[in-house]
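Proteins get letters first, then strands, A, B, ... in listed order; numbering begins at 1 in each. If you're wondering where the values come from, they're calculated on a predicted model, not measured in any experiment.
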Protein chains: 2
Amino acid sequence: MNAVGVIVEYNPFHNGHAFHIEEAKKYANADVVIAVMSGNFLQRGEPAIVSKWKRTEMALKAGVDIVFELPYVFATQQANTFARGAVSILDAAGCYSLCFGSESGSIDSFYKTEIFLNQHNDTYQQQVKYFLEKGNSYPKATSLAYHTLAPADDLIDLSKPNNILGYQYIKAAHALNASVKIFTVTRKNANYHDPHFASETIASATSIRKALFTEDGTLESVRQYVPETTYRGLLEYKEQYGLFHDWELYWPYLKFRLIQMTPEQLKTIYEVEEGLENRILSSALESENFQQFMEKLKTKRYTWTRLQRTCVHILTNTTKQEMFMTENKATYLRLLGMTTTGREYLNKYKTDFSLPMISKVSAAKNSQLLLDINASRIYAMGASGYSQKKLLETEFKQPPIIVAK
Amino acid sequence: MNAVGVIVEYNPFHNGHAFHIEEAKKYANADVVIAVMSGNFLQRGEPAIVSKWKRTEMALKAGVDIVFELPYVFATQQANTFARGAVSILDAAGCYSLCFGSESGSIDSFYKTEIFLNQHNDTYQQQVKYFLEKGNSYPKATSLAYHTLAPADDLIDLSKPNNILGYQYIKAAHALNASVKIFTVTRKNANYHDPHFASETIASATSIRKALFTEDGTLESVRQYVPETTYRGLLEYKEQYGLFHDWELYWPYLKFRLIQMTPEQLKTIYEVEEGLENRILSSALESENFQQFMEKLKTKRYTWTRLQRTCVHILTNTTKQEMFMTENKATYLRLLGMTTTGREYLNKYKTDFSLPMISKVSAAKNSQLLLDINASRIYAMGASGYSQKKLLETEFKQPPIIVAK
């Protein structure tokens, strides 16, 4: 059996993702798709609209065969750390191909870019530093530095979010000495952050979420952009738990934590740096909801995404010490679900995996896993009453989801 | 000017309290009433139904002249600590009379009881220990021990809650060497905890709160039991903040904190003792609301009140270390409000006060005051949106309330 790996968030799984999987299997000549998927909190520093379990189920029903969770310590991080965690999982699971969607679509350009940046590393780092000191955010500074170096036309545009991720996958594979062959396919929905519907069947996850959270937004309005399995999955989740998760549900808890913190205590939280603590504390006191809070907090120096990630770490009370103590690659494979084909693959190869596979969480001692459990508990607090209780129990009672194929 | 002190919670101020004040002034031949009032969290381990500021205003409009806040470190405690804090404030404010309501109504019986218990202290303590070991709660054990000693008929019944408080006021006055003369008046509403209305005009605060929180309970239904000023005050609060506070509003925050705590961390919280930590953690996970949680938590060993107080300390994250570090008497007089008569009294005597008087809180360093500020912030979180913001600001922006008289 031949497996291809994908690194995903599926928030939610849409037609563009289905296309990506099909292409990935073709490119890699694979019969099994292994997805490394962020858990309940995502790279953009947001709670996923539905739980990792439901997202796993929707992925399995739409063509993925195995879903491993990308641990919290990698999922809620900037691209390089996110990539390192995800690639280390694919590598440990013996996955020899990785296929990512990108704006560029040419894997050669990615490799050339890596070589180019290695050659010009000193100048590049100086330029990054220069643009950071000018008050730019880190992603903006790297993008400006890159363009200052005037890369050739056949290099990638490093201001595009999926190009950045792809570039980091390649760097991570090299750093980890992973024997994984990397492919890229052009994304069907060109603009990752596009909030508007631009096609009949393809829309970004952002625009789908936006539609779901609009007051008159119904599931019907997104039906054409997602597989029927996603449509039904979202419908079931809404019926079962009564909500889709967004930051506003967690705002009371975030504020509850912040009103009790001194600047010194806040500074122990991961990513709270450089005087950000005072700005966070005063903004929290003055804000009535998360949107207001973020608008008060936002400066040129930090991206919205970076600040949201910081808020997730405050919400989960994740300290610098906890994050710095953790290893810089995954230490387990947390199996969230599999198709019957996926199970066959696992039965055949799991003894060769270089990391222990965890199917059910009990009394965890692993420091990465403890952070995942904590994040899941906090995610559950977005719901209330019986729904909250069910979500809280899930983390310990839910065996991997199995979908017949 | 001659002042009489009262120790109160006014949750809310009712006709029985008005009667008590009138009697207190008569007994003590006083023209000024000084109330030491619990802040936003009360001795029974509950949030006050309306903020300390509104309760101050209602008290001033109904006959009290000066309101000092009983700090959190004393207010959310068993009777002896509660009493010590309150009496130390009256003593510091040069108040030479203290009048409390009791079931007994005879001050001689209280003094005789104190002498009796001092004489039989060893036997009494042995009996208390014996009954505690039998699995009784502390109040139950002291009550059983007392009755085992077979006190004479002219001693007080120490199973009655207001008799217990009164007894502790007398003990505290002696321990503090306070030059305060103590009176008692029989309470009009005999049963402190009575949840039913038993008279045309007198009802316990418990029954009034119960009526307010019943689904069809309206302010009209309690109007006959409270002064018109209380009725209007409650009406205004409901209009301004949209709610009366109860534990259920804080349950999400309590659970949020608990799901992230290890038993070891929980044990650092004040009053979490003797294996209670595991019981609290498992009950929290299984409960959908505060009522359910308390029912799961309750055992013969701990009173409901004791457990609720423990929950307040968890909610406010008040540790054993913080509580044990604090002095065993008040370290400041926090002025919440005064009538014009009260102001006259303060202007005349404040230079003689043995503690600094605080009229407005800014950057507090006092460890007792820091806990009060923290408690007020958490109390504000019971509201949401604009109401929450207003309540949060109040603690720092609100000058003492002044009522013309």
Side-chain angles (χ1 to χ4, degrees), chain A residues 242 248-263 265 281-293 296 313-319 322 363-365 370-371 373-397, chain B residues 242 248-263 265 281-293 296 313-319 322 363-365 370-371 373-397:
Chain A
E248 293 300 346
L249 292 172
Y250 301 90
W251 163 245
Y253 301 116
L254 181 67
K255 187 164 177 179
F256 176 71
R257 195 175 318 274
L258 286 172
I259 58 161
Q260 294 172 82
M261 276 182 152
T262 62
Q265 289 168 329
L281 289 177
S282 64
S283 302
L285 271 177
E286 288 162 18
S287 301
E288 294 171 30
N289 55 50
F290 187 70
Q291 182 68 24
Q292 261 185 25
F293 173 61
K296 280 191 211 300
H313 300 313
I314 298 169
L315 183 72
T316 57
N317 205 26
T318 304
T319 61
E322 281 170 307
K365 293 283 176 207
L370 281 172
L371 293 178
I373 294 168
N374 182 47
S376 281
R377 289 187 160 198
I378 285 167
Y379 184 77
M381 294 302 292
S384 55
Y386 184 71
S387 301
Q388 182 189 84
K389 198 179 147 200
K390 290 302 291 178
L391 280 171
L392 273 172
E393 286 168 357
T394 308
E395 191 65 6
F396 292 96
K397 293 192 178 167
Chain B
E248 294 299 347
L249 293 172
Y250 301 90
W251 163 246
Y253 302 115
L254 181 66
K255 187 165 177 179
F256 175 72
R257 196 179 310 278
L258 285 173
I259 59 161
Q260 294 173 82
M261 275 184 155
T262 62
Q265 288 168 329
L281 290 177
S282 63
S283 303
L285 272 177
E286 290 162 17
S287 302
E288 294 171 29
N289 55 50
F290 186 71
Q291 182 67 24
Q292 261 185 25
F293 172 61
K296 281 192 211 298
H313 299 313
I314 299 168
L315 183 73
T316 57
N317 205 27
T318 304
T319 61
E322 281 171 307
K365 293 283 177 210
L370 281 172
L371 293 177
I373 293 168
N374 181 48
S376 282
R377 287 185 161 199
I378 284 167
Y379 184 77
M381 295 303 291
S384 56
Y386 184 70
S387 300
Q388 183 189 83
K389 198 178 148 200
K390 290 301 292 179
L391 279 171
L392 273 172
E393 286 168 358
T394 308
E395 191 65 6
F396 292 96
K397 292 191 178 168

Can you pull out the residues in residues 284-291 of chain A with any heavy atom less than 4.5 Å from chain B? A:L285, A:E286, A:E288

So OH of A:Y253 and CE of B:M381: to nearest 0.5 Å the spacing works out to 10.0 Å

Just jot down the side chain to side chain donor-acceptor pair (under 3.5 Å) partners of B:Q265, sequence neighbours excluded, or say none. B:T262

CD (A:Q260) and CG (B:L315) are apart, to the nearest 0.5 Å, by 7.5 Å

List in chain and number order the residues that pass ring pair (Phe, Tyr, Trp, His ring centres under 6.0 Å) with B:F293, two or more places apart in sequence or in another chain; answer none if no residue qualifies. B:W251

Show me the donor-acceptor pairs, under 3.5 Å and distance only, between side chains in residues 382-394 of chain A and residues at least two apart or in other chains.
from: A:S387; atom 1: OG; to: A:Y241; atom 2: O; distance (Å): 3.3
from: A:Q388; atom 1: OE1; to: B:K255; atom 2: NZ; distance (Å): 2.8
from: A:Q388; atom 1: NE2; to: A:A383; atom 2: O; distance (Å): 3.1
from: A:T394; atom 1: OG1; to: A:K390; atom 2: O; distance (Å): 2.6

